[in-house]
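Proteins come first, then strands; the chains are lettered A, B, ... in the order of their sequence lines, and each starts at number 1.
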Amino acid sequence: MNYQDLADLIFPDAKPIQYYEEKYPERNLPEGAIVTRYAPSPTGRMHIGGLYQALIAIAVSKKTNGVFFLRIEDTDQKREVENGITEIVSSLQEFGMGPDEGQISETEEIGNYGPYKQSVRKDIYQAYAKYLIEQGKAYPCFCSPEELEEMRQKQEAAKIRPGYYGVWAKYRNLSVEDAIQKIKNGEQYIIRFRSPGNEERKIKHKDIIKGNVDFPENDQDIVIIKADGLPTYHFAHAVDDHLMRTTHVIRGDEWLSSVPLHLQLFQEMGFKTPKYAHISPIMKNDNGNKRKLSKRKDPEASVCYYSEEGIPPEAVKEYLLNIANSTFENWRRANPDKEIDEFDFQLNKMSVSGALFDMVKLLDVSKIVISRYSAEEIYEKSFAWAQKYDPELCEMLKDKEYALKVFGIERGNAKPRKDIAKFRDVKENIIYLYDDKYFAQTHTYEYDKIQDKEEIKKILQMYLEKYFHETDDKQTWFENIKNLAEELGYAKDVKAYKQEPEKWPGHVGDISTVLRVALTARRNTPDMYEIMQIFGKERIEKRFQKAIEVLEK
RNA sequence: GGCCCCUUGGUCAAGCGGUUAAGACAUCGCCCUUUCACGGCGGAGACAUGGGUUCGAUUCCCGUAGGGGUCACCA
């Protein structure tokens, strides 16, 4: 009896690997095209780190006219979660990051290199496992989990390197006959890789991001097929990325130390090795300690946080790209209107260590992104956000014509306002411009310099009677406020006042402040002329009246 | 603990043997301005540490400290 008999006994129905090799031929792509992927496990809400990885993968594949595909790594049924794939697919979609090929819903996929869901590729993995067994490069192991655990404890107690290797690899040298006998006896087993490695030897590896790294060779006989017949990550990675013709494996750097194993697997199976790029995780400062952004502890770790807050997807992408390649920022400044895809992303320029997540910076990016929107765009996006997350704002925005006027204040010009960082800010930002909300609230009118009740009343009344005309242009409008100031004995010109402040009780700015506060109950607002234009005389009058009522209380 | 990786201002980061050590965010001041925002100008603020190598180290080598990753029939 020989390896072939053993292989046939274990996987009687597996196809020869030639079948798959032919079914999934080399891709016909231009020179230098990068084929890469995002390969998450459907285990819950999508993590920002995953989005980051996918974004980078897309950037490099787009740049080289390559392929970006989505593969679902669901070989661990225990950790799987309902609608896990939908979560991934819809998150990517929301960010405009749909794959060129791969899984596109729980059950559907596109592309010729599928299936793209590992759980339905069982036959393929088994064919390759069989191939390995035939050559004596893999073998059945009959250790129970308890036995393995016991072994590990022994190793730890003896302070030697834990694992299934060398003399500890109990079934590595079991004869084919004995193995066959055990299997026929119905003993449980899994399939292990017979590692040709030697821990004493070093391998050199060049990672695109991390640079040169030296590791000891792998000598662990790792499990390749689990008791449930599904492959482990390592084996699936080798088989899939070979068959899907991946040229660049872009993944989190928690995999870096598995590289010796992966390289060995590729070599032993006769596969061409892909290039690796290991991305540092996005970190968070936790009481002086750096740690990975955690979905449990940090809301901002979940991709859904951004849509809930109303931070535009493109802002998140720009921020992430910024962490990835700091030259992005300069490029963006120079090319404000270009698509992100046009940025020449450099994998090898990525930081070797993990960046701390900076919400303040993200919000700054977001402010810039939102400031570039037209009134129409910010209306549409705010409305869409409000429909999901804020019924009150949604109600306010139903009057589109009015909302467009509101959003149009100081927008669409060369120096647009940058006062909205996320759609959640919108309501607070505009609510005082809505009469029903405004009059329903009780306000404290915090006037600044001019506090005298009678003086304030006089200013408001006189302004409406003599100095406000709906048809005035901005210059005339402000000239009128100056005239009002003068009539009341205030300085018309702020500079003149500042030079000789003792000559006047105040200046035109103080008058403006009274008008502004009485009009909006706020000291800080965007351009008051535009606000008054939107309101018209009648509404201004109503608001002044309310201000006066409050004064008289 | 073994193995591997990392360490430039508060944060993200250029630089890769000779630089007044870029830039962005944040911060502070001034200017612009009827307020705020925007914008403009300016300030403060960094090469973890100790040894080498070198005419010269932030840049190269070694050690130390600190941080991160990894050691599953999880990915």
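- Rounded to an integer number of Å, the gap from CD1 of Ile222(A) to P of rA75(B) is 11 Å.
- Closest to the Asn330(A) side chain, of the nucleotides rG68(B), rG23(B), rA13(B), is rG23(B).
- In this structure, Arg192(A) reaches the rC73(B) phosphate: one of its side-chain N or O atoms is under 4.0 Å from OP1 or OP2.
- Across all strands shown, Glu156(A) has no heavy atoms under 4.0 Å from either base or sugar-phosphate atoms.
- Side-chain atoms of Pro216(A) lie closest to rC3(B) of the nucleotides rC12(B), rC3(B), rC73(B).
- Atom NE2 of His262(A) and atom C1' of rU70(B) are 12 Å apart (whole Å).
- Between rU58(B) and rG17(B), the distance separating the two P atoms is 14 Å to the nearest Å.
- For Lys495(A), the side-chain atoms get nearest to rC32(B) when compared with the rest of rA75(B), rA13(B), rC32(B).
- For the pair Ile48(A) and Leu320(A), the minimum side-chain heavy-atom distance is below 4.5 Å.
- Spacing of C1' atoms, rG42(B) relative to rU7(B), comes out at 31 Å, to the nearest Å.
- The distance between atom NE2 of His278(A) and atom C1' of rC5(B), rounded to the nearest whole Å, is 12 Å.
- Within the nucleic acid shown, Ser41(A) comes within 4.0 Å of sugar-phosphate atoms alone, with no base atom in reach, counting heavy atoms only.
- Taking the side chain of Val494(A) as heavy atoms from C-beta on, and the options rA13(B), rU34(B), rC25(B), the nearest nucleotide is rU34(B).
- Nucleotide rC36(B) holds its P atom 17 Å from the CD1 atom of Ile409(A), rounded to whole Å.
- Side-chain atoms of Arg417(A) and base atoms of rC36(B) include a donor and an acceptor less than 3.5 Å apart.
- Under the 30°/60° scheme for interplanar angles, the aromatic rings of Tyr125(A) and Phe235(A) are found to be tilted.
- The residue Phe357(A) sits apart from the nucleic acid: no heavy atom pair falls under 4.0 Å.
- Across all strands shown, Arg522(A) has no heavy atoms under 4.0 Å from either base or sugar-phosphate atoms.
- In summary, the side chains of Asp221(A) and Tyr139(A) do present a donor paired with an acceptor at a separation below 3.5 Å, with no hydrogens or angles considered.
- No engagement by Arg291(A) is indicated, since no non-hydrogen atom pair under 4.0 Å with the nucleic acid exists.
- Whole-Å rounding puts the Lys204(A) NZ to rC4(B) P distance at 12 Å.
- rA75(B) and rG23(B) have their P atoms separated by 48 Å, with the value rounded to a whole Å.
- When heavy atoms are screened at a 4.0 angstrom cut-off, Pro260(A) is found touching no nucleic acid atom at all.
- Nucleic acid contact for Cys143(A): base, since at least one base atom lies under 4.0 Å from a heavy atom of the residue.
- rC5(B) sits 25 Å from rA21(B) when the C1' atoms are compared, rounded to a whole Å.
- Across the protein-nucleic acid pair, Lys415(A) atom NZ and rU33(B) atom P stand 11 Å apart, rounded to whole Å.
- Asp214(A) comes within 4.0 angstrom of the backbone, heavy atoms only, and of no base.
- Of the two residues near RNA chain B, Lys349(A) and Arg79(A), the one whose nearest nucleotide lies more 5' is Lys349(A).
- Ring-plane geometry between His262(A) and His237(A) is classed as perpendicular, the angle between the planes exceeding 60 degrees on a 0 to 90 degree scale with a lower cut at 30.
- Each of rA14(B), rC71(B), rA75(B) was ranked by its minimum atom distance to the side chain of Pro162(A); first place goes to rC71(B).
- Regarding Glu147(A), its CD atom lies at a distance of 16 Å from the C1' atom of rA72(B), rounded to whole Å.
- For the residue pair Ser280(A) / Lys210(A), a side-chain donor-acceptor distance below 3.5 Å is found, with atom types taken as modelled.
- At the heavy-atom level, Arg161(A) lies nowhere under 4.0 Å from the strands shown.
- When each of rA26(B), rA75(B), rC4(B) is scored by its nearest atom to the side-chain atoms of Thr75(A), the top-ranked nucleotide is rA75(B).
- Separating the P atom of rA22(B) from that of rG45(B) is a span of 13 Å, rounded to the nearest Å.
- At a threshold of 4.0 angstrom between heavy atoms, the contacts of Ile190(A) include nucleobase atoms, whether or not backbone atoms are also involved.
- Among the atoms of the strands shown, none is found under 4.0 Å from any heavy atom of Lys284(A).
- Between Glu479(A) and Gln475(A), the side chains place no donor N or O within less than 3.5 Å of an acceptor N or O (distance only, hydrogens not considered).
- The side chain of Ser326(A) lies closest to rA13(B) when the candidates are rC73(B), rA13(B), rU35(B).
- Lys226(A) has no side-chain polar atom (N or O) that falls below the 4.0 Å cut-off from OP1 or OP2 of rA72(B).
- The side chain of Lys361(A) lies closest to rA24(B) when the candidates are rC74(B), rA24(B), rA26(B).
- Between rA13(B) and rU8(B), the distance separating the two P atoms is 9 Å to the nearest Å.
- Residue Lys202(A) has a polar side-chain atom (N or O) positioned under 4.0 Å from OP1 or OP2 of rC4(B).
- The CZ atom of Arg152(A) sits 17 Å away from the P atom of rG2(B) (whole-angstrom rounding).
- Looking only at distances, a side-chain donor or acceptor of Glu410(A) sits under 3.5 Å from a matching main-chain atom of Asp527(A).
- Note on Phe215(A): only backbone sugar-phosphate atoms sit closer than 4.0 angstrom, heavy atoms only; bases stay farther off.
- Across the P atoms, rC16(B) and rU59(B) are found 13 Å apart, a figure rounded to whole Å.
- OP1 or OP2 of rA13(B) sits under 4.0 Å from a side-chain N or O of Ser351(A).
- Ring planes of Phe328(A) and Trp331(A): tilted class, angle from 30 to 60°.
- With distances taken from any side-chain atom of Glu254(A) to the nucleotides rG69(B), rC74(B), rU34(B), the minimum falls on rG69(B).
- Side-chain contact of Asp76(A) with Tyr233(A): a donor-acceptor pair under 3.5 Å is absent, judged by distance alone.
- Each of Glu199(A) and Lys292(A) was assigned the nucleotide of RNA chain B with the nearest heavy atom; the assignment lying further toward the 5' end belongs to Glu199(A).
- By the 5.5 Å and 30° criteria, Phe478(A) is stacked with the base of rU34(B).
- Closest approach to the Ala355(A) side chain among rC12(B), rU35(B), rG39(B) is made by rC12(B) (side chain taken as heavy atoms from C-beta onward).
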